[in-house]
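Note sheet for the following structure.
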Amino acid sequence: MQLYSIGEAEELTGIKAHVLRYWESVAPGLAPRKSIGGRRAYSARDLQIIMRLKYLIRERKFTIEGACDELIAETELYTGAESAAADALCELHELRGELSDLYLTVRKYRRARKAEETQND
């Protein structure tokens, strides 16, 4: 399972690190793993929750409390008889995770290539 640092999570989601840390304290289900040294490691599921919160707050104009309530309601909905929709949603989340991995790989490659070019000049 791919884990992302807080910097990578910030880059992928467009949400600043201090906001991510705040959301951890109020959002249900958003709990990145922490190393012994306290470094956060976000899973693909954590990134999905962050992106959903971002959408609810920025696009739908929910407050953080309202967005958290909506996440809870959505979770309860998907635990019902909506298995086909839930399966499709799971596939979409997996694809998003794969795309995130590809994006980070391309970014690292471009940075390395740029550094190599400037070193050769």
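The figures here come from the full heavy-atom set of this structure, side chains too, leaving out hydrogens, waters and symmetry mates.
- In this structure, K54 contributes its side chain and T13 its backbone to a donor-acceptor pair below 3.5 Å.
- Minimum heavy-atom separation, A41 to D46: O-OD2, 4.2 Å.
- Atoms OG1 and CZ, on T105 and R110 in that order, are 12.0 Å from each other to the nearest 0.5 Å.
- In this structure, L12 CG and L104 CG are separated by 4.5 Å, a value rounded to the nearest 0.5 Å.
- Residues G29 and I49 come closest through the heavy atom pair O-CD1, 3.3 Å.
- A salt bridge links R111 with E11: the closest approach of a Lys/Arg side-chain nitrogen to an acidic carboxylate oxygen falls below 4.0 angstrom.
- Here the straight-line distance linking atom CG of L71 with atom CG of L30 works out to 9.0 Å at 0.5 Å rounding.
- Between the side chain of D69 and the backbone N or O of G66 there is no donor-acceptor pair closer than 3.5 Å.
- Here the side chains of L95 and E98 are in contact, with some heavy-atom distance below 4.5 Å.
- Rounding to the nearest 0.5 Å gives a distance of 14.0 Å between NZ of K114 and OH of Y109.
- Using a 3.5 Å distance cut-off with no hydrogens or angles, the side chains of Y42 and E24 do pair a donor with an acceptor.
- Residues passing the side chain to side chain donor-acceptor pair (under 3.5 Å) test with D101 are Y4, sequence neighbours excluded.
- Distance check, rounded to the nearest 0.5 Å: OG of S25 to CG of L20 gives 11.5 Å.
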Check the pair R107, E8 against salt bridge (Lys or Arg N to Asp or Glu O under 4.0 Å), reporting the backbone distance first and the verdict last. CA-CA 11 Å; R107 295 263 315 188; E8 291 171 330; over 6 Å; no
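- Residues L3 and Y103 fall into different hydrophobic clusters, defined by Ile, Leu, Val, Met, Phe, Trp and Tyr side chains chained together at heavy-atom separations under 4.5 Å.
- Shown here are the salt bridge (Lys or Arg N to Asp or Glu O under 4.0 Å) partners of R60, two or more places apart in sequence or in another chain: there are none.
- W23 and I72 fall into different hydrophobic clusters, where Ile, Leu, Val, Met, Phe, Trp and Tyr are joined by side-chain heavy atoms under 4.5 Å apart, directly or via other members.
- Across all non-hydrogen atoms, the minimal contact from A67 to L53 is CB-CD2, 3.8 Å.
- A chain of hydrophobic side-chain contacts below 4.5 Å, direct or via other Ile, Leu, Val, Met, Phe, Trp or Tyr residues, connects Y22 to L47.
- Scanning for salt bridge (Lys or Arg N to Asp or Glu O under 4.0 Å) contacts around R113 gives E117, with sequence neighbours left out.
- Annotation: the span from R40 atom CZ to S5 atom OG amounts to 11.5 Å, rounded to 0.5 Å.
- Follow the hydrophobic side-chain contacts under 4.5 Å out from I57 and you never reach M51; the two are in separate clusters.
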Test side chain to side chain contact (heavy atoms under 4.5 Å, CB included) applied to I15 and E10, step by step: CA-CA 5 Å; I15 302 296; E10 180 179 4; over 6 Å; no
